[in-house]
Protein chains: 2
Amino acid sequence: MGCALKNRLRVLRAERDWSQQELADRLSVSRQSVNAIETGRYDPSLPLAFRIADVFGLAIEQVFEPDRERQTG
Amino acid sequence: MGCALKNRLRVLRAERDWSQQELADRLSVSRQSVNAIETGRYDPSLPLAFRIADVFGLAIEQVFEPDRERQTG
DNA sequence: GCCTGGTGGAAAGCGAACTTGACACGGGTC
DNA sequence: GACCCGTGTCAAGTTCGCTTTCCACCAGGC
């Protein structure tokens with residue numbers, strides 16, 4: 001697994017009562033991508049991270065945060 | 001070209017008088033990666049974007065910004 | 001003129017991000 | 001039981017991030 005970041009996607013999505021499909025549509029990505037990011041299979045690209053922060057009306061740092069448990073340095 | 005974001009890497013690096021190699025070393029990536037990002041060949045990954053913001057002591061939004069010229073929205 | 005060192009740039013390969021398509025599970029409606 | 005919705009996961013394919021490798025430019029020593 002290659003995820004270096006933790007994210008609050010699932011919580012933020014639940015707060016707005018959006019399905020994965022609804023969020024995916026707002027982000028212009030596939031539902032599988034949203035699912036994969038939520039379940040920690042990979043981190044989004046930076047452009048997608050900007051879109052994610054945008055649809056939630058937050059800063060990127062408020063959605064994603066470095067997971068120091070995983071950073072080997 | 002697929003860059004959806006503009007970045008201020010070159011300016012920020014110049015302000016600190018760092019070479020591409022110096023910055024690459026601080027980021028734990030190759031010098032070519034720094035060069036490619038600076039010259040707009042691609043956007044960094046989100047984890048790398050966090051590191052970049054960190055070494056400059058800035059928020060991601062202060063280093064990268066959506067390039068609305070390219071976003072067909 | 002020639003070699004060396006330090007900077008910036010570009011092509012090829014590998015793995016990760018993202019896509020479409022399919023299948024499985026649980027809950028609600030009929 | 002059959003159908004729809006939301007979710008989780010796998011397979012296969014394409015594009016992009018990053019590394020490795022190689023090239024060009026400029027300055028200094030001999």
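By convention in this document, chain letters (A, B, ...) are assigned in the order of the sequence lines, proteins followed by strands, and residues within each chain are numbered from 1.
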To the nearest Å, how far apart are B:Leu46 CG and D:dC18 P? 10 Å
Rounded to whole angstrom units, what separation is found between the CG atom of B:Asn35 and the P atom of D:dT20? 16 Å
Between A:Leu48 and B:Gln32, whichever has its closest DNA chain C nucleotide further toward 5' is B:Gln32
Given the rule in the side chain to side chain contact (heavy atoms under 4.5 Å, CB included) test, do B:Asp43 and B:Ile37 qualify, once you have shown the distances and angles that lead to the verdict? CA-CA 6 Å; B:Asp43 296 314; B:Ile37 294 166; over 6 Å; no
Record whether the side chain of A:Arg31 comes under 3.5 Å of the base of D:dG8 through a donor-acceptor pair of N or O atoms. yes
Can you tell me the distance, in whole Å, between the CZ atom of A:Arg41 and the P atom of C:dG15? 18 Å
Rounding to an integer number of Å, can you tell me how far B:Ile52 CD1 sits from D:dC18 P? 8 Å
Just how far, in rounded Å, is P of C:dC18 from CG of B:Asp43? 11 Å
Let me know the distance between CD of A:Glu38 and C1' of D:dT9, rounded to the nearest Å. 14 Å
Between A:Glu61 and B:Glu61, does the side chain to side chain contact (heavy atoms under 4.5 Å, CB included) criterion hold? Intermediate values first, please. CA-CA 9 Å; A:Glu61 289 83 357; B:Glu61 289 83 358; 2.9 Å; yes
Verdict with supporting geometry, A:Arg10 and A:Thr39, side chain to side chain contact (heavy atoms under 4.5 Å, CB included): CA-CA 9 Å; A:Arg10 190 177 293 272; A:Thr39 58; 4.0 Å; yes
Which nucleotide, C:dA17, C:dT20, C:dG8, lies nearest any side-chain atom of A:Ser30? C:dT20
Is the phosphate of C:dG9, meaning OP1 or OP2, less than 4.0 Å from a side-chain N or O of B:Arg10? yes
May I ask you to verify if any side-chain N or O of A:Ser33 is less than 4.0 angstrom from the OP1 or OP2 atom of C:dC18? no
Taking side chain as C-beta onward, heavy atoms only, is B:Arg51 less than 4.5 Å from B:Arg26? no
Do B:Ile60 and B:Leu46 come close enough that some side-chain heavy atom pair is under 4.5 Å? yes
Looking at residues 17-26 of chain B, who's got a heavy atom less than 4.0 Å off DNA chain D? none
Can you confirm whether A:Arg8 sits close enough to A:Leu58 that some side-chain heavy atom of one is under 4.5 Å from a side-chain heavy atom of the other? yes
Indicate whether OP1 or OP2 belonging to D:dC18 is found under 4.0 Å from a side-chain N or O atom of B:Ser45. yes
Does A:Glu22 come within less than 4.0 Å of A:Arg16, counting only side-chain N to carboxylate O? no
